[in-house]
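Following this message is one structure expressed as structure tokens.
Counting starts at 1 for both ligands and their atoms, in listed order.
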Amino acid sequence: MAELTMHGHAAKPAWAPVGRPSDLSGAGAGRAFCQQVARLAVRSLHAELALYPKPGLVSLVDNGSHTDMDAATFMRSMFALRRYFLRIVAAGMQDASFHELKRLGIEAEARMLRATGGINTHRGAIFCRGLLCAAIGHCRAQGIALEPVNIQATLLANWGRELGAHSGDVHAHSHGVEARQRYAASGAREEGARGFPSVFGVGLPALRRALAAGRALREARIDALFALMAHISDTNVYHRGGSGGALAVRRQARAFIARGATAAPDWEARALASHRSFSAARLSPGGAADLLGAVCLLQSVCDGAP
Ligand SMILES: CC(C)(COP(=O)(O)OP(=O)(O)OC[C@H]1O[C@@H](n2cnc3c(N)ncnc32)[C@H](O)[C@@H]1O)[C@@H](O)C(=O)NCCC(=O)NCCS
Ligand SMILES: Nc1ncnc2c1ncn2[C@@H]1O[C@H](COP(=O)(O)OP(=O)(O)OP(=O)(O)O)[C@@H](O)[C@H]1O
């Protein structure tokens, strides 16, 4: 939202920087800020879900490669996470420890699973967007401009050491752990430990480039998604498709980008063809989808986008 933006080209912030953590408990500017960021985080979940066509992924149009979840499952999960985002922004403002953020994340996962009947819709989003929300809150409390470079630096400076050491204690037998062991794939934990370089260095720049070239938000988000698919090591893809599946995802994404991505007049037909072929092969780049959502959140916080 425009009023969040702390730098030159958008509207001035509506609130004075929050200095005192005690603001968070009352109805002061701190609480209003947390509520606004939480709203943007939930909106980023919706933006990711609503985008179509996303190869193999669930959207409002169809379920892609998935038989166990649909848009309604994602909507239930989304509503269950609102309070989590509010709490984790506040925790970031109050200088919370990594242990405290992790506790909030684990609690949110449990709430998500209750809302979906045990289906994992947003584990990656809870992890990545939760940490970003904490860093955004911390920046705000310290009067640091809400710019991507500052948010990433804040995340690493405050929780980077523990993120680097965060290995096998949560979900010792997850699909991500399995993909790392079988294929030496990296995944959400490694992304987190490095301060989500794919979000800040790949997805967000791709989205901004497309917008600067005059394309609409939908096209810019598609460009960001394909840039992420071409770049990351997605443990969801490894889990479902092995190394062959991971190679196929990267190849298709690179071919889409090489043809000009959404600048090409026939981009939609080609994105749809990818969606059909991924769905037939049961491939689902869920990690890229999570990171795209994080890009949407950062764009709305830093650039004042809807
Ligand atoms: C680190 C987490 C995400 C575990 O990851 P792990 O790879 O073991 O689990 P899993 O296979 O279930 O995957 C988790 C998610 O990562 C996403 N993902 C896959 N690949 C990637 C990637 N390269 N980059 C980012 N996300 C990815 C997937 O979409 C999936 O939703 C997490 O469950 C965790 O530690 N949670 C603890 C609480 C928490 O969220 N804390 C937040 C603040 S510290
Ligand atoms: N729009 C989306 N469609 C599908 N998956 C998504 C979407 N957005 C994010 N994801 C991520 O992809 C993952 C879902 O994929 P998948 O069903 O393979 O997960 P899983 O629970 O690890 O595996 P399985 O369902 O095979 O047990 C979720 O963790 C979710 O974070």
Side-chain angles (χ1 to χ4, degrees), residues 44-52 54-71 73-74 77-78 81 84 87-88 91-92 96-110 112-113 116 118-135 155 158-159 162-163 166-181 185-194 196-199 202-203 225 228-229 231-241 246 278-279 282-294:
S44 76
L45 295 176
H46 186 264
E48 183 269 297
L49 175 66
L51 188 68
Y52 182 82
K54 301 190 297 289
L57 293 159
V58 177
S59 71
L60 301 174
V61 177
D62 60 44
N63 301 348
S65 302
H66 296 267
T67 49
D68 59 343
M69 51 171 117
D70 59 16
T73 328
F74 274 85
S77 174
M78 195 184 303
L81 293 179
Y84 163 64
R87 285 185 180 152
I88 202 159
S97 65
F98 181 75
H99 179 76
E100 173 61 9
L101 302 188
K102 187 165 138 187
R103 191 188 63 74
L104 291 172
I106 290 169
E107 208 176 271
E109 277 192 20
M112 164 195 80
L113 293 174
T116 62
I119 293 164
N120 166 24
T121 43
H122 286 130
R123 184 171 284 162
I126 289 169
F127 178 65
C128 174
R129 264 166 275 185
L131 281 161
L132 291 178
C133 281
L155 197 161
N158 286 278
W159 305 292
E162 289 96 332
L163 271 169
H166 174 67
S167 52
D169 55 342
V170 189
H171 309 303
H173 301 296
S174 69
H175 292 149
V177 168
E178 214 178 289
R180 267 192 300 281
Q181 283 168 356
S186 57
R189 292 168 206 233
E190 291 75 6
E191 264 291 325
R194 295 169 57 217
F196 300 103
S198 301
V199 171
V202 176
L225 175 63
L228 289 163
M229 282 161 49
H231 178 80
I232 70 164
S233 160
D234 192 324
T235 55
N236 274 91
V237 172
Y238 278 97
H239 168 67
R240 286 166 164 257
F278 279 36
S279 300
R282 290 195 65 254
L283 289 170
S284 173
D290 289 332
L291 297 177
L292 168 70

Any heavy atom of Ser233 under 4.0 Å from ligand 1? The part involved is backbone

Relative to the heavy atoms of Asp68, which atoms of ligand 2 are at a distance of less than 4.0 Å? 25 (O)

Would you mind telling me if ligand 1 is within reach of the side chain of Trp159, the backbone, both or neither, using heavy atoms under 4.0 Å? neither

Answer yes or no: does an N/O atom from Asp290 fall short of 3.5 Å to an N/O atom of ligand 1? yes

Would you mind running through ligand 2 and noting each atom that sits below 4.0 Å from a heavy atom of Val58? 1 (N), 2 (C), 3 (N), 4 (C)

Going by the order shown, which atoms of ligand 1 are within less than 4.0 Å of some heavy atom of Gly124? 15 (C), 16 (O), 30 (C), 31 (O)

Heavy-atom contacts with Gly286 under 4.0 Å: which atoms of ligand 2 show up? List them by number with element. 9 (C), 10 (N), 11 (C), 12 (O)

Considering Gly105, Ala96, Gly287, Ser174, which one's heavy-atom position lies nearest to atom 6 (P) of ligand 1? Ser174

Just to check, does Thr121 reach to within less than 4.0 Å of ligand 2 when the distance is taken from its heavy atoms? yes

With heavy atoms of His66 as the reference, note each atom of ligand 2 found under 4.0 Å away. 4 (C), 5 (N), 14 (C), 15 (O), 16 (P), 17 (O)

If you measure from each non-hydrogen atom of Asn120 to ligand 2, which part falls under 4.0 Å: side chain, backbone, both or neither? both

For ligand 1, is any non-hydrogen atom under 4.0 Å from Leu291's backbone (N, CA, C, O), its side chain (CB onward), both, or neither? side chain

To check your reading of the model: name the closest protein heavy atom to atom 9 (C) of ligand 2, its residue, and the distance in Å. Asp290 OD1, 3.1 Å

Relative to atom 43 (C) of ligand 1, which among Leu101, Val237, Ile126, Ile232 owns the nearest non-hydrogen atom? Leu101

Report the distance from atom CG of Asp290 to atom CZ of Arg129, rounding to the nearest 0.5 Å. 6.0 Å

What do you reckon, does Glu109 put a non-hydrogen atom under 4.0 Å from ligand 1? yes

Please work out which of the three classes, parallel, tilted or perpendicular, describes the rings of His239 and His175, given edges at 30° and 60°. parallel

Please confirm whether Phe98 comes under 4.0 Å of ligand 1, counting heavy atoms of the residue only. yes

Atoms of ligand 1 less than 4.0 Å from Thr235 heavy atoms? 19 (C), 20 (N)

With backbone taken as N, CA, C and O and side chain as the heavy atoms from C-beta onward, which portion of Asp234 lies under 4.0 Å from ligand 1: side chain, backbone, both, or neither? both

One residue to check: His175. Relative to ligand 1, which of side chain, backbone, both or neither has a non-hydrogen atom less than 4.0 Å away? both

Between Glu190 and ligand 1, find which residue part has any heavy-atom pair under 4.0 Å and reply side chain, backbone, both or neither. neither

Min heavy-atom dist Gly187 to ligand 1 below 4.0 Å: yes

What protein heavy atom sits nearest atom 14 (C) of ligand 2, and how far off is it? Met69 CE, 3.5 Å

Proximity of His122 and Phe74 rings by center, below 6.0 Å: yes

So which of Lys54, Arg240, Arg282, His175 gets nearest to atom 18 (O) of ligand 2, if we judge by its closest heavy atom? Arg240

Among non-hydrogen protein atoms, atom 26 (O) of ligand 2 lies closest to His239 NE2, 3.7 Å

Ligand-side contact atoms (ligand 1) for residue partner Gly176, heavy atom cut-off under 4.0 Å: 7 (O), 10 (P), 11 (O)

Could you give me the CA-CA distance, side-chain angles and deciding distance for Glu190 and Arg180, then say whether salt bridge (charged side-chain N to carboxylate O under 4.0 Å, His left out) is met? CA-CA 10 Å; Glu190 291 75 6; Arg180 267 192 300 281; 3.5 Å; yes

Arg123-ligand 1 polar pair, N/O distance under 3.5 Å: yes

Within this structure, what is the CG-NE2 distance for the pair Leu49 and His46, rounded to the nearest 0.5 Å? 6.0 Å

Positive for side chain to side chain contact (heavy atoms under 4.5 Å, CB included) with Phe278, one of Lys54, Arg240, Met229: Met229

Considering the heavy atoms of Ile106, write down every atom of ligand 1 situated less than 4.0 Å from one of them. 38 (C)

Shortest protein contact, atom 16 (P) of ligand 2 (heavy atom only): Asn236 ND2, 3.5 Å

Shortest heavy-atom approach to atom 25 (C) of ligand 1 - which of Gly130, Cys128, Ala188: Ala188

Picking from Asp62, Asp70, Asp68, what satisfies side chain to side chain contact (heavy atoms under 4.5 Å, CB included) with His66? Asp68

Return a yes/no value for Ile88: is any of its N or O atoms, backbone included, closer than 3.5 angstrom to an N or O of ligand 1? no

Charged N-O contact under 4.0 Å between Arg87 and Glu107: yes

Contacting atoms of ligand 2, where contact means under 4.0 angstrom from a heavy atom of Ala289: 7 (C), 8 (N), 9 (C)

Give yes if a backbone or side-chain nitrogen or oxygen of Tyr84 is under 3.5 Å from a nitrogen or oxygen of ligand 1, and no if not. no

The protein heavy atom nearest to atom 2 (C) of ligand 2 is Phe74 CZ, 3.5 Å

